[in-house]
Engineer: 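Let me give you the structure first, and then I'll get to my questions.
The analysis underlying the following values was restricted to heavy atoms, covering all of them including side chains, and did not include hydrogens, waters or symmetry mates. This is a predicted model, so every value here is computed, not measured.
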Amino acid sequence: MRYHIRVLLIAGFVSALVFPSYEAYAITDKPWLMALYSNYGRFDANKANSDGAQSIGYFQLVYDKSKWGAGITSSYNSVSYQAGRATDSYDLSGLTDTALTTFYNKRIKKANFRFGLDIGLPTGKNAVTIQNLSRVIVDDVREDLLLLNTYGAGFNVAPNFAATYNRGSVTWGLGGRYLFAGEYDPTTDFAGDNFDPGDSLSVVASALTSISDSDSLFLTLIYTTYGKDKQGGRDVFRNGDIYTFEARYVKRFVEDLTSTLAFVFRKQDKNERLGEGIALKSETGNSNANVMEFLFENIYRYSRRFSVTAVTGYKTVGSNDYGEGDSFQDAGRDKIYIEPGAIWKFSESAYSTFKLRYSKLNDKKDAFSPEDTTYNVFNLDIGVVLSF
């Protein structure tokens, strides 16, 4: 399933709908922002021969002149794991694709407009051997085991638009993003198997309500629809449409303590697959399960330079429509996590971040897991952000 990465790709213009800045310590008189992050993750299972590790180095450079701006983002990934029924490990290292972003902002009275163009350069490693491809985790449990699961694709172009309108205590937002997905070769062993992902359209509506001087509520609705995937020139698959609802309640208890309570619900329609003949047909059952997540986040500003952060959360994925013994069966999973962290501000234009997350994941017996399996997942993230 490709939806997880595509939802992440629209996060930039979603935040632009109502938030003036996505950086906690952005400097308005310094147009350049550079971010360097390093993340190390590891997971292991209690009853299965499943474990793995992933290291990611992330780089971003943004030039923002308020009315217009541009940015470049890329990363280096090294991953090795063995999970599910696989008997050998999956190993891959190299650059991921590079994203170029441009945007233009326009304000007309109480309305703000943002026009953007994102370009995905295929600098990542998308072609692998058939043997290595057969060891990939295809179950959606990979979302909770690894931070990054897509390492390369084709040349992508995504125009996007966002608008906000302030009316008293409520700021309304509306945005859209269309992804022209490029073709690429997924294997190194065979010719003529190029994969052409279907294009996608995402529409976002939001509302930010100021309940009081210290309380606010942010609501977001996202709808994403997909075109047909092609391989070797023929239709092979179509992802079901996705509906996502998110609510965030933000409260500032005192000047130095701010808490956020969030709820996310995601539902996906049936996929379309190749049936008899060459036509795509809707699944007999829905192989996509509903997802709910609760999140509680706190930031305490201990001093002008040092802040402490803490995140706790619970995520549950229901079972899908397929029963035991079916190759599409997913019995669901539950995850709890805790993430202490800190922000150290070196100066007015530089700060560092530290986060350590522990997740306990219970994946139920299904077509992927031969028995109920509990995973322990650790992630260490360190970053530096500079404005100049």
Engineer: Drop me the distance from S50's OG to Q82's CD, to the nearest 0.5 angstrom.
Structural biologist: 7.0 Å
Engineer: Is the NZ atom of K355 crowded by more than 12 outside heavy atoms at less than 6.0 Å?
Structural biologist: no
Engineer: Do the non-hydrogen side-chain atoms of Y302 and D256 ever get within less than 4.5 Å of each other?
Structural biologist: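 No - every pair of side-chain heavy atoms lies 4.5 Å or more apart.
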Engineer: Check ring pair (Phe, Tyr, Trp, His ring centres under 6.0 Å) between F328 and all other residues, then give those that pass, not counting sequence neighbours.
Structural biologist: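 Once residues adjacent in sequence are excluded, the partners of F328 under the ring pair (Phe, Tyr, Trp, His ring centres under 6.0 Å) criterion are Y322.
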Engineer: Are R357 and Y337 in a cation-pi setup, meaning NZ or CZ lies under 6.0 angstrom from the ring centre and within 45 degrees of the ring axis?
Structural biologist: yes
Engineer: Mind checking whether I72 and F388 sit in one hydrophobic cluster, side chains of I, L, V, M, F, W, Y counted as touching below 4.5 Å?
Structural biologist: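 Both belong to a single hydrophobic cluster.
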Engineer: Can you measure from CZ (F294) to OG1 (T312) and round to the nearest 0.5 angstrom?
Structural biologist: 12.5 Å
Engineer: Can you measure from CZ (F59) to OG1 (T98) and round to the nearest 0.5 angstrom?
Structural biologist: 10.0 Å
Engineer: Who pairs with D215 by salt bridge (Lys or Arg N to Asp or Glu O under 4.0 Å), at least two apart in sequence or on another chain?
Structural biologist: K251
Engineer: Within the supplied structure, the quantity of interest is the number of heavy atoms (other residues, nucleotides, ligands) at a distance under 6.0 Å from E324 CD; does it exceed 12?
Structural biologist: no
Engineer: Would you say F155 has more than 12 foreign heavy atoms packed within less than 6.0 Å of its CZ?
Structural biologist: yes
Engineer: As an exercise, state the distance from CG of L100 to OG1 of T102, rounded to the nearest 0.5 Å.
Structural biologist: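 Rounded to the nearest 0.5 Å, the CG-OG1 separation comes out at 8.5 Å.
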Engineer: Taking K335 first and then E143, would you say they form a salt bridge - that is, a charged N and a carboxylate O separated by under 4.0 Å?
Structural biologist: no
Engineer: Look at K270 together with D321 and state whether they make a salt bridge at an N to O cut-off of under 4.0 Å.
Structural biologist: no
Engineer: What about F368 and V136, same hydrophobic cluster or not, with Ile/Leu/Val/Met/Phe/Trp/Tyr joined at side-chain heavy-atom distances under 4.5 Å?
Structural biologist: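 Looking at the clustering, V136 is in the same group as F368.
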Engineer: Do any N or O atoms from the side chain of N132 and from the backbone of D91 form a donor-acceptor pair under 3.5 angstrom?
Structural biologist: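 A pair under 3.5 Å: yes.
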Engineer: With a 4.5 Å heavy-atom cut-off, do I137 and Y90 have their side chains touching?
Structural biologist: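 I137 vs Y90: side chains apart.
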Engineer: Would a 4.5 Å heavy-atom cut-off, applied to side chains only, mark N379 and V377 as touching?
Structural biologist: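 When only atoms from C-beta onward are counted, V377 and N379 do touch, with a gap below 4.5 Å.
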Engineer: Can you tell me how far the OG atom of S66 sits from the CG atom of N105, to the nearest 0.5 Å?
Structural biologist: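 The OG atom of S66 sits 6.5 Å away from the CG atom of N105.
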Engineer: Please tell me whether Y178 and F180 form a close aromatic pair, meaning their ring centres lie under 6.0 Å apart.
Structural biologist: yes
Engineer: Should Y151 and Y40 be counted in the same cluster of Ile, Leu, Val, Met, Phe, Trp and Tyr side chains packed under 4.5 Å apart?
Structural biologist: no
Engineer: Below 30° counts as parallel, above 60° as perpendicular, anything between as tilted: where do the rings of F115 and F113 land?
Structural biologist: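 Aromatic pair F115/F113 classed parallel.
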Engineer: According to a hydrophobic-cluster definition based on side-chain heavy atoms being under 4.5 Å apart (Ile, Leu, Val, Met, Phe, Trp, Tyr only), do F43 and L356 belong together?
Structural biologist: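 Per the 4.5 Å side-chain linkage, F43 and L356 are not co-clustered.
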Engineer: Parallel, tilted or perpendicular: which fits the ring planes of F265 and F263, with parallel below 30° and perpendicular above 60°?
Structural biologist: parallel
Engineer: Charged N to carboxylate O below 4.0 Å: is that the case for K364 and D372?
Structural biologist: no
Engineer: Is there a side chain to side chain contact (heavy atoms under 4.5 Å, CB included) between D51 and Y375 once you walk through the steps?
Structural biologist: CA-CA 9 Å; D51 57 40; Y375 294 91; over 6 Å; no
Engineer: Would L117 end up clustered with L61 when hydrophobic side chains under 4.5 Å apart are linked, directly or stepwise?
Structural biologist: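 In one cluster: yes.
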Engineer: Please say which of D363, D144, N362 ends up in a side-chain hydrogen bond (donor to acceptor under 3.5 Å, both in side chains) with R333.
Structural biologist: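 The residue from D363, D144, N362 that satisfies side-chain hydrogen bond (donor to acceptor under 3.5 Å, both in side chains) with R333 turns out to be D144.
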Engineer: Which value, rounded to the nearest 0.5 Å, describes the distance between N271 atom CG and E283 atom CD?
Structural biologist: 4.5 Å
Engineer: So does G120 get a backbone contact from the side chain of N156, meaning a donor-acceptor N/O pair under 3.5 Å?
Structural biologist: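 No; zero donor-acceptor contacts below 3.5 Å.
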Engineer: Can you see whether T188 engages T129 through a side-chain donor-acceptor pair at a distance of less than 3.5 angstrom?
Structural biologist: no
Engineer: Under a 3.5 Å cutoff, is there a donor and acceptor pairing between the side chains of N320 and N286?
Structural biologist: no
Engineer: Is there a side-chain contact between V62 and Q60 (heavy atoms, below 4.5 Å)?
Structural biologist: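 In short, these two side chains touch, coming nearer than 4.5 Å.
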Engineer: Does anything in residues 65-84 pair up under salt bridge (Lys or Arg N to Asp or Glu O under 4.0 Å), and if so which pairs, sequence neighbours excluded?
Structural biologist: none
